[in-house]
Peer 1: 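Shown below is the structure under consideration.
Below, chain A is the first sequence line, B the second, and so on; all start at residue 1.
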Amino acid sequence: MALATTTRAGREGRRRRRDDTRLALAFILPATIGLVMFYFWPLLRGIYLSFTSWDLLSPVEFIGGDNYVRMVSDPVFWNAVRVTIQYVVINIGVQTVVALLLAVLMQRLSQSTLMRGLVLTPYLVSNVVAALVFLWILDFQLGIGNQLLEWIGLDRIGFFTTEAWAIPTIALVNVWRHMGYTALLIFAGLQTIPPTMYEAGRIDGASETRMFFGITLPLLRPILGLVLIVSVIGSFQVFDTVAVTTSGGPVDASRVLQVYIYDKAFAQFDFGYASALSVALLIILMVVTFLQYRITRAGQTDLS
Amino acid sequence: MTGMTATTGLDPVQDEVRTTPEPRRRPRPTVGKVVAWVVMIVLLLITLFPFYWMLRTALSSNSALYANATSLLPVDFSWGGFERVFGLQTTEEAIAQGGSGASIDFWLYLRNSVIVATVVTACQVFFSAMAAYAFSRLHWKGRNTVFSVFLLSLMVPVIFTLLPNFVLIRDLGLIDTLFGIMLPGLFMTPFAIFFLRQFFMNISTEVEEAALIDGASKVRVFFSLIIPMSVGPIATISILTYIGSWNDYFWPLMVSYTDESRVLTVALGNFNAQTPQTGPDWSGLMAATLVAALPMIALFLVFAKRIVNSIGFSGIK
């Protein structure tokens, strides 16, 4: 990509009579303001604030690495890390399997825009809407979900109110919102597999299952890898659904990192420590992305 | 599974007339296909049921919900939920029907959400298009270097910028204003620039050169050639930006404190927090979620094809 641009620009540049530098600078000015003010400056400032103690009112006080020392011995932080990872594993695990299933079903049964549109609907409403609907559907007393459980002879479950269920429930609510979107990404990936592969498989008498594991899955790997990287990064940043349904409770059972950061900053006005926690999340995200990229070899394709 | 061989499922999406060389036999429904459809329908039900349940609950009255939790139709039909949400009931009426009695006015929040999403979308897409034009069709030194600096910002998780951005908005005295909510999103997103640049690069240079020979300026070319020729992609990115901005919760939650700057998502969270814990105002809450969700669903009904088709690899790179 970058290469292609360079050569083309070079070729055209030679026969261009005008140099557009001034105009170009004017055209990128607004975007550059946005880039510096709201991406690069906050990045630096966030890292700086993580070495300070600050309650928003008194002057910022530089305290070196104290926040990080405190973080290492903060049980709530480690709990938040554990809970967040638990959330990500359930969320991504279920979401990927369901989305893959949906994508393959859509490809085999109906590729109509209507079908793809229906599947995508939950993605168009906000996390807050999704959270509230399921708060109601899964309500202990009146929720239709619990009524259903009772009706088939099971015990009611306090989905958002018991420690064991809070995280799995929230993870599944977000699966509901994102599975259609993920399915469409995978569906687009399926379209890149040449039909001849399946024809060859069929001539060899391979079954659908055989072809799924022998053709679809291996050839989908690079795309699946990209989808996973993007959705895992998103998953680690979970906040909205937790904030609306449990606000981190019961006790700390669903206090994911981002909720803990928000509490520290806006409930306890401990901006320095909250910033250090954010840096920790940033580092976790970088490590996870790097590992995933290596493991899934997302950059390479088997289709050549 | 012979039934599946007839439709390979790999033809282009729209299949009005499929010209297969051999005459197609009517696909016999096989066990596998029936199972596949059943699974598909179950997944669709899971996807769509919550929307129906919102509507059903919003049109029921709270007291009847307690008695008929499982009825599939609205119970004791009532507009009460919507009336509470739009502040049309007196405090006494609201409390009598299970509301909190707190004054809520979703017209105001709706207005705020419309303002925020519209202004953010218009500015962000326009400024991103300007930058994309400079990065794709203007010739200047350092173009590729600057572009890669812009791409670097894709590496900065937005979530990390929220706290420092809050501090900045506070320094600027914009806390609790709509402008404060909008400001960080006004200028660009790296994705929008990247997305539009792809399309701008593919527009042929011939038309552009003809215009330049006729004496049009490069600015003119941008406004009267490049933009009109890219209406499709610009519409797509605008719709996606609008939906994203409309649904955003975390950032406006940080910045807004009073009704003046409260957008729908934050108002919803607030409504939920205020509702009586012992007997939540479910009908009011579901009416409120519908008010927040319906504009996006309407947008989707109009632009379904464009939105659905926009989700592919451009969406994740």
Side-chain angles (χ1 to χ4, degrees), chain A residues 5-6 13 16 19-21 23-24 27-28 30-31 33-35 38-39 42-43 45-46 102 105 107-109 111 113 116-122 124-129 132-133 136-137 142 144 147 180 184-185 188 195 198 202 208 226-227 230 237 239-240 244 265 274-275 278 282 285, chain B residues 1 4-5 8-10 13 36-37 39-40 43-44 47 50 53-54 65 69-70 127-128 130-131 133-134 138-141 144 150 153 156-157 159-161 163-165 184 187-188 193 218 243 247 249-250 265 268-269 272 282 285-286 289 292-293 296-297 300 304-305 308 311-313 316:
Chain A
T5 344
T6 324
R16 259 288 109 70
D19 174 62
D20 303 318
T21 306
L23 184 63
F27 264 64
I28 64 165
I33 294 175
L35 180 76
F38 297 107
Y39 284 85
L43 183 69
R45 196 177 201 179
L102 252 180
L105 285 174
Q107 199 205 22
R108 293 289 179 200
L109 298 176
Q111 305 202 349
T113 309
R116 287 186 287 157
L118 289 178
V119 160
L120 190 66
T121 324
L124 299 166
V125 302
S126 61
N127 285 321
V128 182
V129 167
L132 285 177
V133 174
W136 164 227
I137 288 181
L142 297 175
I144 181 89
Q147 302 276 354
L184 287 195
L185 288 178
Y198 291 99
R202 246 173 238 118
E208 286 284 333
L226 282 177
V227 171
V230 175
Q237 304 180 15
F239 173 83
D240 302 0
V244 171
S275 301
S278 293
L282 184 70
L285 284 177
Chain B
M1 296 208 180
M4 282 185 202
T5 56
T8 59
L10 284 159
V13 181
W37 268 112
V39 174
M40 186 78 202
L43 286 173
L44 280 179
T47 301
W53 209 238
M54 262 187 245
L65 284 175
T70 51
F127 291 145
S128 297
M130 279 172 63
Y133 179 63
L138 295 179
H139 304 278
W140 47 293
K141 242 196 203 155
N144 293 316
F150 268 80
S153 61
V156 184
I159 202 111
F160 184 80
T161 63
L163 271 190
N165 275 347
F187 299 98
M188 65 124 199
I193 295 181
K218 294 257 173 154
I243 294 174
N247 287 339
Y249 174 67
F250 200 2
T265 46
L268 268 180
N272 179 44
W282 289 118
L285 265 172
M286 288 302 112
T289 53
M296 290 308 102
I297 293 174
F300 187 44
K305 204 162 198 167
V308 162
I311 297 172
F313 297 104
I316 56 172

Peer 1: Which answer fits Thr161(B), side chain, backbone, both or neither, if we ask what part of it has an atom under 4.5 Å from a heavy atom of chain A?
Peer 2: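 Interface part for Thr161(B): both.
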Peer 1: Is Tyr39(A) close to chain B through its backbone or its side chain, or both, or neither, when contacts mean heavy atoms under 4.5 Å?
Peer 2: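 For Tyr39(A), the contact with chain B is made by backbone and side chain together.
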Peer 1: Counting heavy-atom pairs under 4.5 Å to chain A, which of Ala134(B), Ser128(B), Pro157(B), Pro184(B) comes out on top?
Peer 2: Pro184(B)
Peer 1: Decide yes or no for Leu124(A) and Ile297(B): does some side-chain heavy atom of the first lie under 4.5 Å from some side-chain heavy atom of the second?
Peer 2: no
Peer 1: Are any non-hydrogen side-chain atoms of His139(B) and Lys218(B) less than 4.5 angstrom apart?
Peer 2: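 Side chain of His139(B) against side chain of Lys218(B), heavy atoms only: contact under 4.5 Å found.
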Peer 1: At a 4.5 Å cut-off on heavy atoms, which part of Tyr133(B) comes close to chain A: side chain, backbone, both, or neither?
Peer 2: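 Side chain only.
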Peer 1: Against chain B, work out which of Leu184(A), Ile28(A), Leu142(A), Thr21(A) has the most heavy-atom pairs shorter than 4.5 Å and name it.
Peer 2: Leu142(A)
Peer 1: With a 4.5 Å cut-off on heavy-atom pairs, point out which of Lys141(B), Met296(B), Met40(B) contacts chain A the most.
Peer 2: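 Maximum pair count with chain A is reached by Met40(B).
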Peer 1: For Met286(B), which atoms come within 4.5 Å of any heavy atom of chain A: side chain, backbone, both, or neither?
Peer 2: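 Interface part for Met286(B): side chain.
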Peer 1: Where on Leu285(B) is there a heavy atom nearer than 4.5 Å to chain A: the side chain, the backbone, both, or neither?
Peer 2: side chain
Peer 1: Would you find a donor on one side and an acceptor on the other, under 3.5 Å apart, between the side chain of Trp37(B) and the backbone of Leu109(A)?
Peer 2: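 No.
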Peer 1: So Thr289(B) and Leu268(B), do their side chains get closer than 4.5 Å, heavy atoms only?
Peer 2: yes
Peer 1: Relative to chain A, which of Gly269(B), Ala292(B), Ala304(B), Ala131(B) shows the most heavy atom pairs under 4.5 Å?
Peer 2: Ala131(B)
Peer 1: For a 4.5 angstrom cut-off between non-hydrogen side-chain atoms, does Met130(B) reach Phe27(A)?
Peer 2: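 Yes. Closest side-chain heavy atoms under 4.5 Å.
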Peer 1: Mind ranking Thr121(A), Leu118(A), Asn127(A) by heavy-atom pairs under 4.5 Å with chain B and telling me who comes out on top?
Peer 2: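 Most heavy-atom pairs within the cutoff with chain B belong to Thr121(A).
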Peer 1: Using non-hydrogen atoms only, which part of Ile159(B) is less than 4.5 Å away from chain A: side chain, backbone, both, or neither?
Peer 2: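 For Ile159(B), the contact with chain A is made by backbone and side chain together.
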Peer 1: Counting only heavy atoms closer than 4.5 Å, note whether Ala265(A) contacts chain B via side chain, backbone, both or neither.
Peer 2: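 Ala265(A) touches chain B through side-chain heavy atoms alone.
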Peer 1: Distance-only, no hydrogens or angles: does the Asn165(B) side chain make a donor-acceptor pair with backbone N or O of Pro42(A) under 3.5 Å?
Peer 2: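 Answer holds: no.
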Peer 1: At a heavy-atom separation under 4.5 Å, does Leu43(A) approach chain B through its side chain, its backbone, both, or neither?
Peer 2: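 For Leu43(A), heavy atoms of backbone and side chain both lie under 4.5 Å from chain B.
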Peer 1: So Val244(A) and Asn272(B), do their side chains get closer than 4.5 Å, heavy atoms only?
Peer 2: yes
Peer 1: Quick one: are Val308(B) and Phe300(B) in side-chain contact, heavy atoms under 4.5 Å?
Peer 2: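 With C-beta onward as the side chain, the pair touches.
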Peer 1: Looking only at heavy atoms and a cut-off of under 4.5 Å, which of Leu163(B), Ile243(B), Val156(B) has the most pairs with chain A?
Peer 2: Leu163(B)
Peer 1: Is the closest side-chain heavy-atom distance between Met54(B) and Leu132(A) below 4.5 Å?
Peer 2: no
